[in-house]
There are 2 protein chains.
Amino acid sequence: MSVSIEDVAKRAEVSTATVSRALRGLPKVSPATRERVLAVAAELGYVPSPSATGLATGRTKTVGVLMPFVDRWYFGHALEGVDQELRSRGYNLLLLSLGGYLHGNKRRFTEQMVRKQIDGLVVLCMGLSQSELEELAKTQMPVVAVGGPIEGCVGVHIDDFAAATAATTHLIDLGHRKIAHLRGGVKDEINFVVPGLRAEGFAATMRSAGLELRPEFSVAGDFTAAQGAAAAGRIFDLPGEKPTAVFCGSDEMALGLMFEARRRGIRIPEDLSVVGIDNHDFSVLAGLTTIAQDPVEHGRQAAAILLDAVEGKPEAITQKYMPFQLLKRESTARLPS
Amino acid sequence: MSVSIEDVAKRAEVSTATVSRALRGLPKVSPATRERVLAVAAELGYVPSPSATGLATGRTKTVGVLMPFVDRWYFGHALEGVDQELRSRGYNLLLLSLGGYLHGNKRRFTEQMVRKQIDGLVVLCMGLSQSELEELAKTQMPVVAVGGPIEGCVGVHIDDFAAATAATTHLIDLGHRKIAHLRGGVKDEINFVVPGLRAEGFAATMRSAGLELRPEFSVAGDFTAAQGAAAAGRIFDLPGEKPTAVFCGSDEMALGLMFEARRRGIRIPEDLSVVGIDNHDFSVLAGLTTIAQDPVEHGRQAAAILLDAVEGKPEAITQKYMPFQLLKRESTARLPS
DNA sequence: CTGTTAGCGCTTTCAT
DNA sequence: ATGAAAGCGCTAACAG
């Protein structure tokens with residue numbers, strides 16, 4: 001069967017305590033002993049039992065990641081970043097509760113999922129209800145948010161309001177006046193503040209430029225390409241005046257819109273300028289102007305901050321606003337005057 | 001601090017053994033006692049310690065998922081499927097070793113990652129070296145492969161050779177004779193058999209149709225859109241005769257190729273027919289003809305098979321070939337004669 | 001139906 | 001520098 005610390009101890013003719021110390025690189029072990037223990041452990045193929053360690057220390061060396069999806073561009077990449085940092089620091093990654101944003105109120109995120117199971121929690125691109133926050137607070141566990149802010153938590157993400165402002169300003173600078181916004185769906189906006197922040201950034205920028213915010217120019221997708229295309233259809237079908245530019249809350253929606261435009265023979269950027277947020281892998285290929293952000297780095301830094309907190313490093317906790325950058329490509333052009 | 005089974009036992013005035021039984025729904029507990037225990041547990045907010053349970057039972061109720069990426073279409077969706085099934089059966093999901101396919105030989109997948117830590121392993125879209133297989137065998141742990149076969153393991157995936165045949169046959173049926181293949185890169189083909197299987201399916205089909213396999217018509221991408229576009233460029237730059245159709249080993253590469261074609265003014269399908277494999281979320285929007293498969297379902301079934309094995313269900317282990325389907329869309333057309 | 005008693009495999013005082 | 005021993009919180013015989 002499985003070899004335990006005791007097997008190693010016997011074979012190395014020391015106590016289990018010494019084996020434990022030697023293997024973990026603690027001081028107060030003579031070099032000779034340490035070497036012998038290491039050799040025996042290797043020879044026997046000893047692997048410590050995380051359950052036993054966890055039980056004895058109260059810490060699991062495991063971090064939970066709470067996220068609604070993995071198949072969205074930002075989410076998957078942020079997860080990669082978290083994974084990189086965790087792995088490099090010897091932590092495991094427990095994936096919690098995919099399955100989308102809640103329908104109604106039946107998300108089952110409870111203390112149970114978390115308590116005694118993980119040392120810290122990364123929350124990716126989702127809000128937490130008041131009661132969820134309370135449950136979490138009870139556990140005393142460090143939490144960091146990635147992709148968007150959560151009240152009372154450290155967060156690593158861009159300033160979404162500012163990013164939306166930059167995107168919108170770019171369109172305005174190009175002379176556009178009739179600008180539409182492809183925003184998140186109801187579910188997105190209930191579950192996560194970021195879609196709303198982007199919409200607000202857009203609205204505020206339009207207002208301060210003295211431009212009209214037509215309600216029919218604000219259309220909901222759900223941050224996917226498919227819904228982006230569908231929502232684009234609704235914009236294109238609008239009677240009366242058409243927008244000359246669209247700010248999309250995500251590149252995935254922007255790409256969906258571009259596909260739909262193409263299907264209808266609407267030329268980009270001649271007939272319509274499009275700007276998104278993300279810099280999705282496909283965006284450079286599609287020539288999509290966008291606000292680029294680096295989710296892998298977000299994930300890495302979030303995990304780093306979290307682990308510092310888990311390990312009790314002083315000054316560990318800090319809010320981080322990550323940089324973003326406008327990438328001008330072929331999907332936006334000056335409005336012909 | 002944290003409430004333990006003993007706290008519950010005391011408060012309910014029973015032994016810890018009874019609490020344990022009551023909470024796990026075991027028989028031989030009087031309804032009255034069970035109710036009281038349940039009530040006390042709820043009142044105290046008791047949550048069992050997975051470490052303690054794991055140590056006592058030797059099982060962790062956790063399944064590992066080994067995968068090189070999460071940001072590829074198939075991978076992310078398969079992961080969703082695995083997660084769904086695991087969650088519905090009360091298992092946790094430990095994400096192992098992202099970070100791409102190995103460069104050289106330095107992937108660190110060892111017994112250590114796995115032993116005493118998980119009850120079973122899902123291997124997603126990657127091969128395992130002989131030594132890795134041996135390490136795994138030592139653990140006696142059930143393993144199932146998703147997305148492609150692994151020697152000696154149960155697998156859930158499509159028949160990739162047949163899928164490639166179907167795609168290629170579709171092109172041939174449309175009258176194409178000069179057909180190129182956008183295949184996987186060196187790293188993909190070393191680490192995973194699927195790219196090779198698809199290339200072989202293509203080659204075999206071409207041969208049995210009596211068509212010429214020109215070496216310069218076989219170009220390597222790496223299963224991403226970006227590399228698909230780059231590889232497409234190499235095809236388009238070929239001197240002399242051009243292919244009239246391309247079979248792409250994945251939709252992501254096919255989409256990359258379509259973007260590149262568009263950039264160069266190459267019309268699809270008028271100048272070039274394109275078929276992929278996957279039915280990526282963007283494919284329907286792009287009008288890409290493809291061989292559709294359902295990775296979420298693959299993941300679900302793989303997890304189901306794995307858990308049956310973990311739980312010792314008889315006849316649990318079975319190989320599964322999943323269905324696929326040719327979806328004819330606008331990227332393929334009859335070759336004008 | 002319920003309680004008692006050993007462990008599970010490790011860490012961690014406290015001695016020595 | 002090393003060992004002995006007491007837990008960590010739970011489950012699983014075994015008694016009763």
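Of all nucleotides listed (C:dC10, D:dT11, D:dT2), C:dC10 comes nearest to the side chain of A:Y46. Of the candidate nucleotides C:dC10, D:dG9, C:dT4, D:dG9 has the atom lying nearest to any side-chain atom of A:L55. When the nucleotides C:dG3, C:dC1, C:dC8 are ranked by their closest atom to the side chain of B:R21, C:dG3 comes out on top. Counting only heavy atoms from C-beta on, B:S49 has its side chain closest to D:dC10 among D:dC10, C:dT2, C:dC10.
Remark: B:S51 is not in phosphate contact with D:dG9, judged by side-chain N or O atoms under 4.0 Å from OP1 or OP2. The phosphate of D:dG3 (OP1 or OP2) has a side-chain N or O of A:S15 nearer than 4.0 angstrom. Considering only side-chain N and O atoms, A:S20 lies nowhere under 4.0 angstrom from the phosphate OP1 or OP2 of C:dC10. Contact check, B:T57 against D:dA12: no side-chain N or O comes under 4.0 Å of OP1 or OP2.
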Does the pair A:T62 and A:I118 meet the rule for a side-chain contact (heavy atoms from CB on, under 4.5 Å), with working shown?
CA-CA 5 Å; A:T62 296; A:I118 58 182; 3.9 Å; yes
side-chain contact (heavy atoms from CB on, under 4.5 Å) between A:L96 and A:L94: does it pass, once the steps are laid out?
CA-CA 6 Å; A:L96 301 172; A:L94 199 64; 4.3 Å; yes
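At the heavy-atom level, B:P48 lies under 4.0 Å from the strands shown only through sugar-phosphate atoms. Heavy atoms of B:R24 sit under 4.0 angstrom from primed sugar atoms or phosphate atoms, though from no base atom. Note on A:T33: only backbone sugar-phosphate atoms sit closer than 4.0 angstrom, heavy atoms only; bases stay farther off.
Following rounding to the nearest Å, B:L26 (CG) and C:dC1 (P) show an atom-to-atom distance of 13 Å. For B:K61 and D:dT11, the NZ to C1' distance is 14 Å, given to the nearest whole Å. Between the P atom of D:dG3 and the NZ atom of A:K10 lies a distance of 14 Å, rounded to the nearest Å. Between A:E6 atom CD and C:dC8 atom C1' there is a gap of 11 Å when expressed in whole angstrom units. Distance B:K28 NZ to D:dC14 C1': 13 Å, rounded to the nearest Å. Between A:R59 atom CZ and D:dG9 atom C1' the separation is 18 Å, expressed in whole Å. Between the CG atom of A:L23 and the P atom of C:dT11 there is a distance of 8 Å, given to the nearest Å.
Residues A:V193 and A:P149 meet the side-chain proximity criterion, which asks for heavy atoms closer than 4.5 Å.
In the displayed structure, A:E311 atom CD is contacted under 6.0 Å by more than 12 heavy atoms of other residues, nucleotides or ligands.
The shortest non-hydrogen separation linking A:P295 to A:Q293 is CD-O, 3.2 Å.
Along DNA chain D, the nucleotide closest to B:I5 and the one closest to A:R34 are compared, and the more 5′ of them pairs with A:R34.
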